[in-house]
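Here is the structure we will look at.
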Amino acid sequence: MKATVIAHSKFTISEIDPRLYGSFIEHLGRAVYTGIYEPDHPTADCDGMRQDVIDLVKELQVPIVRYPGGNFVSAYNWEDGIGPREERPVRLDLAWHTSESNQVGIHEFADWCETVGTEMMLAVNLGSRGLDEARNFLEYVNHEGGSTWSDKRRANGREAPFDVRLWCLGNEMDGPWQIGHKTADEYGRLAHETAKAMRAFDSRLELVVCGSSNAHMPTYPQWEATVLEHTYNEVDHISLHMYFENRAKDTASYLARSLELDTYIGTVAGVIAYVKSKKRSKKDVYISFDEWNVWYHSKERDKAILEGHNGWPEAPPLLEDDYNFEDVLQVGCILNTFINRADVVKIACLAQLVNVIAPIMTVPGGPAWRQTIFYPYYYASVYGRGTALKLMVDSPSYTVEDIGTVPYLDVSAVHDATSGHVTFFLVNRHLSEALDLDVGLLEFGALSIVEDQVIAHSDLGITNTAETPDNVVPVKGEGALFADGRLTAPIAPLSYRMIRLKA
Ligand code: AHR
């Protein structure tokens, strides 16, 4: 089977905002405690942060990390996490039915972000709280000094402001599960007034308003229209979330779900355009896809804790999905979708980063290791910087009920004109047949292949574990050639591949 692609250096989608490769740390399960923070761990630094985890996060070059939730933020008092550790209260976290010790708060998280070289994306609580706490939190975090909250920050050991530019106005406020769930009108009004107050402090902040928790919510997409009608001129991004699952064990249909993601993005882009036009607005609003991942492997296991049958444990192993090889293909297709929609999606956060539905896992007191999905995320984040190319693609396809025609070849490409690199990210969805890939590269000059990595395995269900962390790892690709402006390569069935060329 043959798949033909044409790329031209001048036919582009958009510059990629590096924040397309963001991630997320929530006070949930073991993301923070025994995830990034474990003071007794042999690798712990002087702040109690695990150095082995820091090294893996650095490897991923994560540009932003959203914090502190998620559902957690909707009943969180940010003040509980400041001041001397021994005086911080233990609180019941109503979102995940656990106990929160508050040993990590904004100071510790900010220091960790500086260490790993990432920016913070902070969420304010618009569930149980509102405008007043949001503006106080902002003053604490971003004001230089000379006011009550900024002087408290300085007294707590941080002289310079944290200077956080990107703020989420709550989390999943359309979800009945959310503490302080609201109707679109209630939330839209609150988000508008909160945004106004935050902008009165600093007009240059970037603000993210909540869109839908997923495309199956009964309020979707009217939610987006109503919320944007309230907030369009005050915000910069609208947040979307989507999680993927394969409970039916149907690989062909599972790997087609990225087309649903594409439709979801396209629909919300349409709603943005509608409200922009209705308001006669000159400014643009983009999509912040600030939660996405595969999430289903751990759901049965988590039931007892989430239903409250295990009391209020501290940092239990919640949402610890063991990712398999099949999930590598899914994550590859999702990342391709974001790159191909880089004109409207400026921020995306892999949810989450450590232990909780995460590419990085830890053993308390033991090693940190890479799950299978670490690798497609790594390749996109490290090599997917530059301009997304508008590809012409001709691929054989299959049909999935409720989705339609699904091409076997899933592909995106990124051109870094400064360094001269052109990088292709490819997934072959075919269960048994290879694709003969033929890519015409126009107006890129003479190129040569500088890197070719494949992730493939005969067992779709195989996972990496703490004991066997290298079951699924990338290997050098074979058979790719570049000659006369054409890249050709055999793309194995059910495989992920990254091919990099350089002028
Ligand atoms: O990432 C896990 C949870 O999924 C988040 O807390 C919530 O926002 C979403 O429902």
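Counting starts at 1 for both ligands and their atoms, following the listed order. Quick caveat, the model's predicted, so the values are computed rather than measured.
A donor-acceptor pair is defined here as one N or O able to donate and one able to accept, closer than 3.5 Å; no such pair exists between the side chain of Asp321 and the backbone of Ile357. A donor-acceptor pair is defined here as one N or O able to donate and one able to accept, closer than 3.5 Å; such a pair exists between the side chain of Asp174 and the backbone of Ser213.
Interface of Asn71 with ligand 1, defined as ligand atoms under 4.0 Å from a residue heavy atom, comprises 5 (C), 6 (O), 7 (C), 8 (O), 10 (O). For ligand 1 and Glu26, the ligand atoms under 4.0 Å from any heavy atom of the residue are 5 (C), 6 (O). Residue contact check: Glu172 has heavy atoms under 4.0 Å from atoms 7 (C), 8 (O), 9 (C), 10 (O) of ligand 1. Within ligand 1, counting atoms from 1 as listed, the ones closer than 4.0 Å to a heavy atom of Tyr243 are 1 (O), 2 (C), 4 (O).
Scanning all protein heavy atoms for the shortest distance to atom 8 (O) of ligand 1 gives Glu291 OE2, 2.7 Å.
Of the N or O atoms in Trp96, none lie within a sub-3.5 Å distance of an N or O in ligand 1. Checking only distances, Gln352 does come within under 3.5 Å of ligand 1, N or O to N or O. Considering backbone and side-chain N/O of Trp177, none are found under 3.5 Å from N/O of ligand 1. Note: no N/O pair closer than 3.5 Å links Trp295 and ligand 1 by distance alone.
Taking the six-membered ring for Trp and the full ring otherwise, the centers of Tyr187 and Trp223 sit less than 6.0 Å from each other.
A cation-pi arrangement is absent between Lys279 and Tyr232, since the terminal nitrogen or guanidinium carbon is not both under 6.0 Å from the aromatic centre and inside a 45° cone about the axis.
Using a 4.0 Å cut-off between a side-chain N of Lys or Arg and a carboxylate O of Asp or Glu, Arg135 and Asp132 qualify as a salt bridge.
Heavy atoms of Val356 found under 4.0 angstrom from ligand 1: none, in either backbone or side chain.
A side-chain donor-acceptor contact under 3.5 Å links Thr362 and Asn355. When only modelled atom types and interatomic distance are considered, Tyr496 and Asp410 share no side-chain donor-acceptor pair under 3.5 Å.
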